[in-house]
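First the structure, in the form of structure tokens, and then the observations on it.
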Amino acid sequence: MTLLDVNSISVARGEVDVLRGISITVQKGELLAILGPNGAGKTTLLRTLSGLIRAHAGTVRFDGNDITGEPPHRIARGGLVHVPEGRGVLPELTVQENLALGMVTHGWRGRKPELERIFELFPILRSRADQSAGMLSGGEQQMLSIARSLLCRPRLLMVDELSLGLAPKITLELMALLARISRSGPTVMIVEQNAQQALRFADRIYVLSQGAVALSGSSAELARDPELLAAYLGRA
């Protein structure tokens, strides 16, 4: 079942085309990866889908509804939730307070079981609950950012640059966790530069180059042609 259908999205900054007619689909229950080098348009794509940037052409349909041009708060409330590049935690607030922000979208009542599930997924956050988020490691902050977004009750969770600044071991753990979440909880789409990790865990992959889709297919299909991937991604 198609959860997200992006049809010929184009975005320009001044006279420069950042996205050029991008079309992708995300199927319910999968882990989808968007790969590409710096400047390929990956972050712009996610920001456009979450309503932070307005496309000048194309349409976005989420769960059958046209959300093209909708404001970010309506898109998030509808279940399409964006974990931004750089994590976006509030360093002066505690872990518990940051998590509470994720519960604002749908109200506080009856949310204790959901918070408990978050602590089961990320046990380190339970032990850091009263600590300021600014004192967490980079990996712990990424966990907090994902955990807070899960409390927004997403149907599609978009994670931008999952591995940015993280040790390979932490990236591996988070990627495995997101793959597990996509099977039993929200569908997951990640933007990533680490092609090897994406090929290991993602169901399908799109590769962006210069604002357009250069390659797409299942991870198994693309893994069989490493030279083709390397032509767009280098030897990541």
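Because only heavy atoms are used, hydrogens play no part in the values below, and waters and symmetry mates are left out as well, while side chains stay in.
Between the Asp66 side chain and the Thr68 main chain, a donor and an acceptor come within less than 3.5 Å of each other. Using a distance-only test at 3.5 Å, with no hydrogens or angles considered, a donor-acceptor pair links the side chain of Asn98 to the main chain of Leu90.
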Point to revise | Derivation of the salt bridge (Lys or Arg N to Asp or Glu O under 4.0 Å) call for Arg126 and Glu116 | key: CA-CA 9 Å; Arg126 187 195 300 274; Glu116 186 60 31; 2.7 Å; yes

Practice item. Check the pair Arg153 / Glu114 against side-chain contact (heavy atoms from CB on, under 4.5 Å), numbers first and verdict last. Key: CA-CA 9 Å; Arg153 296 179 176 172; Glu114 293 180 48; 2.7 Å; yes

Verdict with supporting geometry, Leu99 and Phe119, side-chain contact (heavy atoms from CB on, under 4.5 Å) = CA-CA 10 Å; Leu99 290 173; Phe119 285 143; 3.8 Å; yes

Stepwise, does the side-chain contact (heavy atoms from CB on, under 4.5 Å) test hold for Leu93 with Leu101? CA-CA 10 Å; Leu93 299 184; Leu101 292 175; 4.2 Å; yes

request  = Start with the C-alpha gap between Ile205 and Ser219, add the side-chain angles, then the distance that decides, and say whether side-chain contact (heavy atoms from CB on, under 4.5 Å) holds.
outcome  = CA-CA 6 Å; Ile205 287 174; Ser219 296; 3.7 Å; yes

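By the neighbour-count criterion of 12 heavy atoms within 6.0 Å, atom CZ of Arg117 is sparsely surrounded, having that number or fewer from other residues, nucleotides or ligands.
Placement of Leu151 and Met158 in two distinct hydrophobic clusters is found when ILVMFWY residues are connected by side-chain heavy-atom separations under 4.5 Å, directly or transitively. Each of Leu35 and Val18 belongs to its own hydrophobic cluster when Ile, Leu, Val, Met, Phe, Trp and Tyr are linked at side-chain heavy-atom distances under 4.5 angstrom. Follow the hydrophobic side-chain contacts under 4.5 Å out from Ile53 and you reach Ile24 in the same cluster. Criterion: ILVMFWY side-chain heavy atoms under 4.5 Å apart, direct or through other members. Under it, Val159 and Val60 are not part of a common hydrophobic cluster. The hydrophobic cluster containing Leu115 also contains Leu136, counting ILVMFWY residues as joined when their side-chain heavy atoms lie under 4.5 angstrom apart, directly or transitively.
A 4.5 Å side-chain heavy-atom check between Val83 and Ser145 finds at least one atom pair inside the cut-off. For the pair Pro154/Leu156, no side-chain contact is recorded, criterion being any heavy-atom separation below 4.5 Å from C-beta on. Side-chain contact between Asn7 and Arg61 is absent, with no heavy atoms from C-beta onward closer than 4.5 Å. Side-chain contact check for Thr48 versus Arg54: every heavy-atom pair is 4.5 Å or farther apart.
With sequence neighbours left out, Arg155 forms a salt bridge (Lys or Arg N to Asp or Glu O under 4.0 Å) with Asp63.
Rounding to the nearest 0.5 angstrom, the gap separating the CG atom in Leu150 from the CD1 atom in Ile146 is 7.5 Å. A distance of 12.0 Å separates CZ of Arg148 from CZ of Phe122, quoted to the nearest 0.5 Å. Note that the CG atom of Leu45 and the CG atom of Leu208 stand 6.5 Å from one another [nearest 0.5 Å]. Here CG of Leu32 is found 9.0 Å from CG of Leu4. Values are rounded to the nearest 0.5 Å. The structure places CZ of Arg128 at 13.5 Å from OG1 of Thr94, a figure rounded to the nearest 0.5 Å. How far CZ of Arg47 is from NZ of Lys42: 14.0 Å, rounded to the nearest 0.5 Å.
Of all heavy-atom pairs between Arg13 and Thr44, the closest is NH2-OG1, 3.5 Å. The heavy-atom pair separating Gly51 from Pro72 by the smallest distance is O-CG, 3.4 Å. When every heavy atom of Gly29 is checked against every heavy atom of Thr187, the shortest pair comes out as N-OG1, 2.7 Å. Minimum heavy-atom separation, Val81 to Cys152: CG2-CB, 4.0 Å. When all heavy atoms of Phe62 and Ile67 are compared, the closest pair comes out as CB-CD1, 3.8 Å. Heavy-atom minimum distance, Ser8 versus Ser23: N-OG, 2.8 Å.
In this structure, a donor-acceptor pair under 3.5 Å is present between the side chains of Asp160 and Thr43. Between Thr2 and Gln27, the side chains place a donor N or O and an acceptor N or O closer than 3.5 Å (distance only, hydrogens not considered). For the residue pair Gln197/Ser163, the side-chain donor-acceptor check at 3.5 Å is not satisfied.
With Tyr206 as reference, Thr25 is the one residue of Thr25, Val6, Leu222, Ile22 to meet the side-chain contact (heavy atoms from CB on, under 4.5 Å) rule.
Pairs passing the salt bridge (Lys or Arg N to Asp or Glu O under 4.0 Å) check and including a residue from residues 203-224, sequence neighbours excluded, read Glu30-Arg204, Arg183-Asp203.
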N/O donor-acceptor pairs under 3.5 Å from side chains in residues 168-176, not counting sequence neighbours:
residue: Thr171; atom: OG1; partner: Ala167; partner atom: O; Å: 3.3

